[in-house]
**Student:** 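Provided herewith is a single structure, encoded as structure tokens, for subsequent inquiry.
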Amino acid sequence: MKKIITLALLTVAVASFAAPVDKTDFAARSKELTPADKAAEYVALIEAQYPAVKASTVEGDKAWGYSIVYNAIHRQAKILKVFASVAEADKYAVEASEACGLDADKTAALRVHAHVLAAGSWPAGLAFAKTLTGDGRYFQRVKASALVHGGADAVEWESGYALAFSLGDFYLANTAARKLQSTEKTFAAVKGAIDSGKIRVNQYNLARNYVESLIAVSPDGSVTAADIKALLQTANRKFSGFLIQDKTNWEPVIAIIRTTLDTY
């Protein structure tokens, strides 16, 4: 009896599992439809994927669903300009999220993006984000962006910095730190990014942004010259390996680091 029950449960589980979304055709066709004059066709292609995303039980497909819904909102708001109001864009974000079976966290984040894109400003997104609640990563990340890019004063930039840093979004944290003109926060954000080891070989511009932020820092009571030198040495050690893979793009970054180190 136990074997029969186990087999029955396994059969139900297999039957209820939806295979991952096949993105092969989408990937091929989306490349053809990226030009602005094909925006309407691209949106139609995206919307055709919604049922498959909803049927899938694979979390990666839900993340992909979030991405394509964002792209659909972006093209309709910025290129096609089909939304007569921010409310219409918000309504589309909710309906598209439902069509993809996205959770409340992703839906809230997409709604904030819809407000930003339809209104054409981060302050509009921040005002709307303040009306929502939720501690999910997607919503918190877009809320941090709204605070940093749409914040009206240092209080909101401070909040954006703290939230971005807690999420490990060191680029956004560094942006907030530079707005705040804070040596301590800039150093912490750059150190967090370099120490994370997440900068990849194709992110030489991002690395350069961090390095230039670091060398613009003036030592004070919170950060010493020795701290800056040590972090530059870490960056030199971690990034120099990329020279083998892409010397053309990484050589200028390494040159800045080493030239600066020579001054210490």
Side-chain angles (χ1 to χ4, degrees), residues 63 67 109 112-113 116 122 125-126 129 135-264:
S67 176
V112 175
H113 278 304
V116 172
W122 273 107
L126 178 58
D135 56 6
R137 190 171 185 83
Y138 281 81
F139 173 63
Q140 290 296 309
R141 188 176 290 277
V142 72
K143 182 180 178 181
S145 294
L147 284 163
V148 173
H149 298 303
D153 52 40
V155 173
E156 292 183 326
W157 299 337
E158 286 270 7
S159 296
Y161 173 88
L163 186 52
F165 197 92
S166 70
L167 293 167
D169 189 339
F170 300 115
Y171 179 81
L172 184 60
N174 185 42
T175 301
R178 293 171 77 169
K179 281 192 169 188
L180 291 163
Q181 298 182 333
S182 169
T183 294
E184 182 179 12
K185 286 180 170 58
T186 298
F187 181 81
V190 174
K191 189 175 189 304
I194 293 174
D195 287 348
S196 73
K198 293 181 179 179
I199 297 175
R200 298 184 295 275
V201 67
N202 64 339
Q203 294 181 307
Y204 41 84
N205 286 329
L206 177 62
R208 182 167 184 155
N209 176 280
Y210 287 132
V211 170
E212 290 177 342
S213 293
L214 181 61
I215 63 179
V217 164
S218 298
D220 62 10
S222 62
V223 179
T224 67
D227 293 328
I228 297 171
K229 180 181 180 180
L231 188 52
L232 283 169
Q233 289 172 329
T234 298
N236 182 50
R237 186 175 65 254
K238 290 194 173 188
F239 298 158
S240 290
F242 292 141
L243 287 170
I244 299 172
Q245 298 167 269
D246 186 352
K247 184 177 181 179
T248 300
N249 287 307
W250 278 97
E251 195 167 46
V253 180
I254 302 304
I256 294 172
I257 295 172
R258 293 177 180 174
T259 300
T260 307
L261 280 171
D262 288 342
T263 67
Y264 282 88

**Student:** Can you give me the closest heavy-atom contact between T183 and S222, atom names plus distance?
**Tutor:**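 Residues T183 and S222, closest heavy atoms: CG2-OG, 4.3 Å.
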**Student:** Ignoring hydrogens, what is the shortest heavy-atom contact between F139 and V112? Give both atom names and the distance.
**Tutor:**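 Nearest pair, atom of F139 first, then V112: CE1-CG2, 4.0 Å.
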**Student:** Closer than 3.5 angstrom, by distance alone: can the side chain of K143 be matched with the main-chain N or O of A129 as a donor-acceptor pair?
**Tutor:**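 Not at all, since once roles are kept as given, no pair shorter than 3.5 Å links the two residues.
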**Student:** With the side chain counted from C-beta on, respond yes when E158 and K185 share a heavy-atom pair under 4.5 Å apart, and no when they do not.
**Tutor:**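 Contact flag for E158/K185 side chains = yes.
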**Student:** Could you tell me whether K238 atom NZ has more than 12 heavy atoms of other residues or ligands within 6.0 Å of it?
**Tutor:**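 Atom NZ in K238 is packed in, count exceeds 12.
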**Student:** With a cut-off of 3.5 Å and sequence neighbours excluded, list every side-chain donor-acceptor pair involving residues 169-177.
**Tutor:**
residue	atom	partner	partner atom	Å
D169	OD1	L172	N	3.1
D169	OD2	R141	NH1	3.1
N174	ND2	N209	OD1	3.3
N174	ND2	S213	OG	3.0
T175	OG1	Y171	O	3.0

**Student:** CG of D153: more than 12 outside heavy atoms within 6.0 angstrom?
**Tutor:**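 Yes, because the 6.0 Å sphere around CG of D153 holds more than 12 heavy atoms from other groups.
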**Student:** Using a 3.5 Å cut-off and no angle test, enumerate the donor-acceptor pairs between side-chain atoms of residues 241-248 and protein atoms at least two apart in sequence or in another chain.
**Tutor:**
residue	atom	partner	partner atom	Å
D246	OD1	N249	N	3.2
D246	OD1	N249	ND2	3.4
D246	OD2	N249	ND2	3.0

**Student:** Do S159 side-chain atoms and V155 backbone N/O form a donor-acceptor pair below 3.5 Å?
**Tutor:**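 The answer is yes, because a donor-acceptor pair under 3.5 Å joins these two groups.
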**Student:** Go through the structure and list residues passing salt bridge (charged side-chain N to carboxylate O under 4.0 Å, His left out) with K191, not counting sequence neighbours.
**Tutor:**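 Scan of K191 (salt bridge (charged side-chain N to carboxylate O under 4.0 Å, His left out), adjacent residues dropped) gives D195.
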**Student:** Under the side-chain contact (heavy atoms from CB on, under 4.5 Å) test, which residues partner A225, sequence neighbours left out?
**Tutor:**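 side-chain contact (heavy atoms from CB on, under 4.5 Å) check on A225 returns P219, Y264.
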**Student:** What pair of heavy atoms forms the shortest contact from A207 to I199, and how long is it?
**Tutor:**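 Minimum heavy-atom contact is CB-CG2, 4.2 Å.
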**Student:** Got T186 and L214 here, is their nearest side-chain heavy-atom distance under 4.5 Å?
**Tutor:**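 They are not in contact (no side-chain heavy atoms under 4.5 Å apart), so the answer is no.
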**Student:** If you look at every heavy atom in F239 and I257, which pair is closest and at what distance?
**Tutor:**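 Distance-wise, the nearest heavy atoms are CD1-CD1, 3.9 Å.
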**Student:** Measure the spacing between CD1 of I215 and CD1 of I256 and express it to the nearest 0.5 Å.
**Tutor:**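 Taking CD1 in I215 and CD1 in I256, the distance rounds to 6.0 Å.
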**Student:** For a quick test of reading the model, state the closest non-hydrogen atom pair linking R208 to P252 and the distance between them.
**Tutor:**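 Closest approach of R208 to P252, heavy atoms only: NH1-CB, 3.9 Å.
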**Student:** Go through the structure and list residues passing side-chain contact (heavy atoms from CB on, under 4.5 Å) with D227, not counting sequence neighbours.
**Tutor:**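 D227: side-chain contact (heavy atoms from CB on, under 4.5 Å) contacts with F187, V223, T224.
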**Student:** Kindly compute the distance separating CG (N236) from CD1 (I194), expressed to the nearest 0.5 Å.
**Tutor:**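 Rounded to the nearest 0.5 Å, the CG-CD1 separation comes out at 10.5 Å.
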**Student:** Quick check against the 3.5 Å criterion: does T263 have a side-chain atom that pairs as donor or acceptor with the backbone of T259?
**Tutor:**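 Judged by distance alone, no pair lies under 3.5 Å.
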**Student:** Working to the nearest 0.5 angstrom, can you tell me the gap between N202 CG and W250 CH2?
**Tutor:**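 Result: 9.0 Å between the selected atoms.
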**Student:** Where does the angle between the aromatic ring planes of W122 and H113 fall among parallel (under 30°), tilted (30 to 60°) and perpendicular (over 60°)?
**Tutor:**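 W122 vs H113 ring planes: perpendicular.
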**Student:** Nearest 0.5 Å, what's the CD-CG distance between Q140 and L147?
**Tutor:**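 Between atom CD of Q140 and atom CG of L147 there are 9.5 Å.
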**Student:** Would you indicate whether the side-chain heavy atoms of T260 and I228 approach each other to under 4.5 Å?
**Tutor:**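 I228 does not reach T260 side chain to side chain.
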**Student:** Who are the side-chain contact (heavy atoms from CB on, under 4.5 Å) partners of S166, not counting sequence neighbours?
**Tutor:**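 By the side-chain contact (heavy atoms from CB on, under 4.5 Å) rule, S166 matches L163.
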**Student:** Compare every heavy atom of F165 with every heavy atom of A188, then report the nearest pair and how far apart it is.
**Tutor:**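 Closest approach of A188 to F165, heavy atoms only: O-CE1, 3.5 Å.
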**Student:** Do any N or O atoms from the side chain of S240 and from the backbone of R237 form a donor-acceptor pair under 3.5 angstrom?
**Tutor:**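 Judged by distance alone, no pair lies under 3.5 Å.
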